[in-house]
2 protein chains.
Amino acid sequence: MPMTQHTVTSFEEDLQSLARSIADMGGRAEQIVEESIRALLNSDIVLAHQVIEADKKVDALHRQIEEAAILIIARRQPMAQDLRETIAAIRIANDLERIGDLGKNIAKRAVAIQRETFSNKVRVGVEHISELALRQVKKVLDAYAVRDVAKAQEVCARDQEIDDVYTSLFRELLTYMMEDPRNITMCTHLLFCAKNIERIGDHATNIAETVFYLITGEQWDGPRQSSTRIDE
Amino acid sequence: MPMTQHTVTSFEEDLQSLARSIADMGGRAEQIVEESIRALLNSDIVLAHQVIEADKKVDALHRQIEEAAILIIARRQPMAQDLRETIAAIRIANDLERIGDLGKNIAKRAVAIQRETFSNKVRVGVEHISELALRQVKKVLDAYAVRDVAKAQEVCARDQEIDDVYTSLFRELLTYMMEDPRNITMCTHLLFCAKNIERIGDHATNIAETVFYLITGEQWDGPRQSSTRIDE
């Protein structure tokens, strides 16, 4: 009996350690996004390079979590809730890795357009979509940490908001380009940044769907109009 | 003994079935990319809608492969080469799903810009980068099918070529926008299409790295200048 007891405890420890790694990775991905946007808006090149460097740790954590999860599946052959925990860790780590990547790309564009200035209206638009996306990332990490299904559903429900802001920012940047060809290079970079931020929101929604599955054991089947949108 | 024999055979069957599903998924993802570009260049809206529809099957295959692989790990507790096979299937299915998504997005943009015409030079540029990316996808699927490590390495080595063509196409589209503001909307969509195609090449390279790991048991450590590029 002590052996069994030990094994059970150790399995739980494995799962807890996996969840802690996800929390660590999530915190780092969130910071990368937040700092990349700050680097972009303030033309802070030093910070941009720090962000690019910090993403490497997120990539390393991704591989570590994937390996740990596979080891758990092979060793413990988890069932039901435990198996969901492990699969969820693999999926969430995958989305967090992509969020980190998208933040890194924003940081690279911050370096590329460091000498450009942008209008206040564009700045406000970028700030707005960034706040929405960051709020989604924070909220979904909370939902995962405390297993809050209602919070996960909120994240799923609010993705449309980011898409709408993206569409309006897209149009604004296009208008700005048409007004003056000298804006074209900078606006093109900002278009890609806006797209990256919108996609960070998509990945937050993916994670929310995984959290929903983790808690309920069912696939999320709520509103998400991804099939009609031009993006990933 | 017959029992053991049976078990061994059945395990091999599991792995073979997984590899067949990957081949099926790969063929479909490749077709989506090829047809999405055809739809874009020929303003073929019917084809574009078919592509958008066809991507759903790729998504379904992704989930199926992921589930089958996890079941194999839990049931068989594979070691060494067998474990690599299973992990490789999960990773490759993930990249193929994203290739399908990127193709779907090109198809959506084909619908969005159906009434626009583009210059011959831009058309040639899009055709060129598309051919390179498709060749990479085909080659890496071959490398996986016949476990050809040299072919996988070739794919890794040639990613830079796509990046260079992308950079030149990016500049061309920018120039085209600056020449005439009426080109801006169409060129912006084409910029995103070019970016999607370039990223399809990136995912082909990811798969090549996985094939390298699958065959050799080691992580690919060759040239790939992803840390200096603005993309994912």
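Throughout, a chain's letter reflects where its sequence line sits, starting with A, and its residues are numbered from 1.
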Checklist line | Contact leader toward chain B among Ala74(A), Cys187(A), Pro181(A), Ala69(A), where contacts are heavy-atom pairs under 4.5 Å | finding: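 Option with the greatest count: Ala74(A).
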
Among the listed options [options], the residue most often paired with chain A at heavy-atom distances under 4.5 Å:
options                        : answer
Asn183(B), Leu173(B), Ile70(B) : Ile70(B)
Asp55(B), Ile73(B), Asn94(B)   : Ile73(B)
Arg75(B), Glu67(B), Glu66(B)   : Glu66(B)

Which portion of [X] sits near chain A, non-hydrogen atoms under 4.5 angstrom:
X         : value
Gln219(B) : side chain
Glu179(B) : neither
Arg63(B)  : side chain
Thr185(B) : both

Notebook entry, point to check: Passes side chain to side chain contact (heavy atoms under 4.5 Å, CB included), Met178(A) versus Met177(B)? Steps please.
Noted result: CA-CA 9 Å; Met178(A) 288 173 192; Met177(B) 286 196 237; over 6 Å; no

Note to self: Tell me whether Arg123(B) at atom CZ has more than 12 heavy atoms from other residues, nucleotides or ligands lying less than 6.0 Å away.
What the structure shows: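 Enclosed.
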
Notebook entry, point to check: Given a strict heavy-atom distance threshold of 4.5 Å, which part of Leu83(A) is in contact with chain B: side chain, backbone, both, or neither?
Noted result: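 The side chain, not the backbone.
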
Next item on the list: Taking all non-hydrogen atoms of both residues into account, name the closest pair between Phe192(B) and Leu191(A) and its distance.
Entry: CZ-O, 3.9 Å

Item checked: Rounded distance (nearest 0.5 Å) linking atom OG1 of Thr188(B) with atom CD1 of Ile184(A) -> 8.5 Å

